[in-house]
Amino acid sequence: MKYYSTNHNSANATLSDAIIKGLAPDKGLYMPEKINVLPERFFADIDKLSFQEIACRVAGAFFGEDIPQNELDRITIDTLNFDAPLIKVAENIYSLELFHGPTLAFKDFGARFMARMLAWSIHQSGDKEHVTVLVATSGDTGSAVANGFLGIDGVDVIVLYPKGKVSEIQEKQFTTLGRNIAALEVDGTFDDCQHLVKSAFMDVELNKKFKLTSANSINVARFLPQAFYYFHAYAQLRRSGVEGDVVVSVPSGNFGNITAGLFGKRMGLPIKRFIAANNRNDIFLQYIRTGVYAPRPSVATMANAMDVGDPSNFARVLALYDNDIARIRADIEAFAYDDAQIAECIARVYKATGYLLEPHGACGYMGLENGLRKNETGIFLETAHPAKFLDRVEPIIGSKVMIPDKLQKFMEGGKQSIEISSDFADFKAFLNDRKR
Ligand SMILES: *Cc1c(COP(=O)(O)O)cnc(C)c1O
């Protein structure tokens with residue numbers, strides 16, 4: 001299968017090229033040239049299949065033309081060494097818990113799958129040279145990518161993060177690993193980190209010397225596997241005997257997660273509608289309302305992984321619907337919530353049901369409260385464990401949150417990081433030194 005660029009100014013790429021490059025040379029996002037529909041038989045029996053069996057089928061439909069099925073199955077099964085259970089929270093409302101992976105956030109799925117696919121792509125290209133993954137992080141992406149890529153042959157990861165601006169637990173998740181993971185503590189802001197990474201990608205000299213790539217949701221191998229759990233959620237709902245139309249609400253920032261769900265629907269998954277739940281960064285909601293896409297600088301909110309002012313996967317949503325806003329509106333409804341509403345929701349749901357939401361999942365939950373119609377069943381994606389947002393959640397509910405062992409374990413590791421200024425020359429010198 002070939003991958004085209006959403007900007008239509010680059011040659012089509014093979015799967016392994018699209019994975020190694022990340023972004024197309026014309027700065028567009030890669031899209032598969034066709035989306036395979038899964039047979040009715042598959043959906044008729046889906047409630048009898050395990051998460052891994054479902055994921056292997058979905059992965060086969062995406063990547064089966066390019067990777068031998070046994071290899072693809074190995075990558076998929078190796079990725080999914082944790083579950084995504086569906087938990088009933090209220091009447092007609094279910095939480096799809098995506099936080100049972102190594103860093104307790106849904107980005108673990110994409111990061112682990114991409115790491116293995118990148119290793120395969122490198123092997124496929126026959127090139128012995130290492131690939132260097134550069135990630136700028138304000139916290140969570142860095143930890144998922146670092147843990148997902150830990151120990152992967154042929155790949156080095158460099159995480160850049162703003163000194164003093166990530167929580168201790170977040171910092172420990174990517175500074176204690178060692179091996180093929182290096183952490184750079186940048187004297188500056190998250191934007192400075194992002195600027196350093198962008199400058200490195202544009203630097204001709206560095207690109208001659210290194211094979212540089214990124215690991216954010218623009219990469220096809222990171223965002224597409226997120227479709228797996230939409231199918232698994234549907235299977236679990238069927239297993240528990242729930243009938244009627246299914247609506248899925250997705251807390252959205254860069255729109256990688258929801259785009260994977262839209263792909264699932266295109267493959268035949270019977271989801272009636274999606275809800276894009278935003279925080280105060282409501283660029284997508286405004287687009288749905290006015291038809292005008294007007295990116296703007298992000299504002300800081302309690303659901304900070306969704307503080308995005310220009311969602312990078314918006315181009316994919318447009319491509320999927322041929323720029324037809326009427327069709328986009330038919331499939332995606334949008335809502336936005338401010339911090340006060342998020343806090344109120346967390347407190348209210350905890351009191352009424354005992355279920356503890358974190359700020360991103362709370363947006364998804366409210367999306368269902370506002371968007372669900374008669375005879376519809378709603379699933380919201382709970383994208384992180386509440387313990388990752390202790391200082392937000394504890395004051396809201398007025399009690400302590402249990403910290404899972406997995407998270408506690410990171411705290412015991414010793415921090416290894418390299419301090420660096422926000423000056424590109426210093427970053428470049430650091431990279432060059434590694435090649436000597
Ligand atoms: C990244 C992230 C999101 C947003 O996902 P997108 O794919 O960028 O829309 C939501 N919640 C959490 C906890 C995240 O880390």
Side-chain angles (χ1 to χ4, degrees), residues 29 84 95-111 113-114 135-148 166-167 169-170 173-174 190 214-230 248-264 274-285 295 298 301-317 332 334-337 342 346 356-367 380-390 392-393 407:
L29 277 66
S95 169
L96 182 65
E97 294 186 344
L98 301 178
F99 54 70
H100 296 279
T103 74
L104 306 182
F106 86 98
K107 288 187 175 75
D108 286 329
F109 285 95
F113 190 81
M114 182 189 158
V135 223
T137 188
S138 54
D140 275 355
T141 301
S143 51
V145 169
N147 284 274
V166 306
S167 70
I169 183 72
Q170 282 177 326
Q173 286 179 305
F174 49 79
F190 169 62
S214 70
N216 48 29
S217 58
I218 57 144
N219 198 296
V220 290
R222 201 183 124 187
F223 99 92
L224 280 175
Q226 297 174 159
F228 300 163
Y229 44 70
Y230 289 87
V248 182
S249 176
V250 187
S252 294
N254 267 319
F255 280 66
N257 204 0
I258 196 168
T259 303
L262 297 170
F263 269 79
F274 286 85
I275 291 172
N278 284 155
N279 58 26
R280 279 209 297 132
N281 297 283
D282 65 348
I283 291 83
F284 188 78
L285 170 66
S298 65
T301 77
M302 197 190 284
N304 61 2
M306 307 188 329
D307 294 348
V308 178
D310 185 5
S312 51
N313 283 286
F314 183 70
R316 284 199 169 109
V317 177
I332 317 172
F335 294 100
Y337 303 99
I342 293 171
I346 293 172
L356 183 57
L357 298 163
E358 55 70 57
H360 307 81
C363 294
Y365 185 90
M366 285 186 280
F380 69 97
L381 307 192
E382 183 40 287
T383 46
H385 191 286
K388 296 199 87 168
F389 300 92
L390 276 186
R392 303 288 192 188
V393 172
L407 207 53

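Remember, it's 1-based here, ligands and their atoms both numbered in the order they're listed. Here the structure is a predicted model, which is why all the values come from computation and not from measurement.
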If you measure every N/O of His360 against every N/O of ligand 1, is any gap under 3.5 Å? no
Which label fits Tyr229 and Phe106: parallel for a plane angle under 30°, tilted from 30 to 60°, or perpendicular past 60°? perpendicular
Return yes if a side-chain donor-acceptor contact under 3.5 Å exists between Asp307 and Thr301, otherwise no. yes
Has ligand 1 got any nitrogen or oxygen that is less than 3.5 angstrom from a nitrogen or oxygen of Asn257? yes
Under 4.0 Å from ligand 1, counting heavy atoms only, is it the side chain of Lys388, its backbone, both or neither? neither
Can we say Asp140 and Lys107 salt-bridge, meaning some charged N sits less than 4.0 Å from an Asp/Glu carboxylate O? no
What closest approach, in Å, do Thr103 and Ser143 show between heavy atoms, and which atom pair accounts for it? CG2-O, 3.4 Å
Atom 12 (C) of ligand 1: nearest protein contact (heavy atom, Å): Thr383 OG1, 3.4 Å
Ring-plane angle category for Phe113 and Phe228, please: parallel below 30°, perpendicular beyond 60°, tilted otherwise. perpendicular
Purely on distance, is any nitrogen or oxygen of Gly256 under 3.5 Å from one on ligand 1? yes
I need the contact type for Phe106 against ligand 1. Using non-hydrogen atoms and a strict under-4.0 Å cut-off, is it side chain, backbone, both or neither? side chain
Just which atoms of ligand 1 are under 4.0 Å from any heavy atom in Ala384? 13 (C)
The protein heavy atom nearest to atom 1 (C) of ligand 1 is Lys107 NZ, 1.5 Å
Option of least heavy-atom distance to atom 9 (O) of ligand 1 (set: Gly110, Ser217, Gly253): Gly253
For the rings on Phe380 and Tyr365, is their centre-to-centre separation under 6.0 Å? yes
What atoms of ligand 1 come closer than 4.0 angstrom to any heavy atom of Asn254? 6 (P), 8 (O), 9 (O)
Using a 4.0 Å cut-off to any heavy atom of Pro251, which atoms of ligand 1 qualify? 4 (C), 10 (C)
Nearest heavy-atom approach of Pro359 to Arg392 is CG-CB, 4.4 Å
Measure centre to centre between the rings of Phe263 and Tyr230, then say whether the value is under 6.0 Å. no
Can you list the atoms of ligand 1 that are under 4.0 Å from a heavy atom of Phe255? 6 (P), 8 (O), 9 (O)
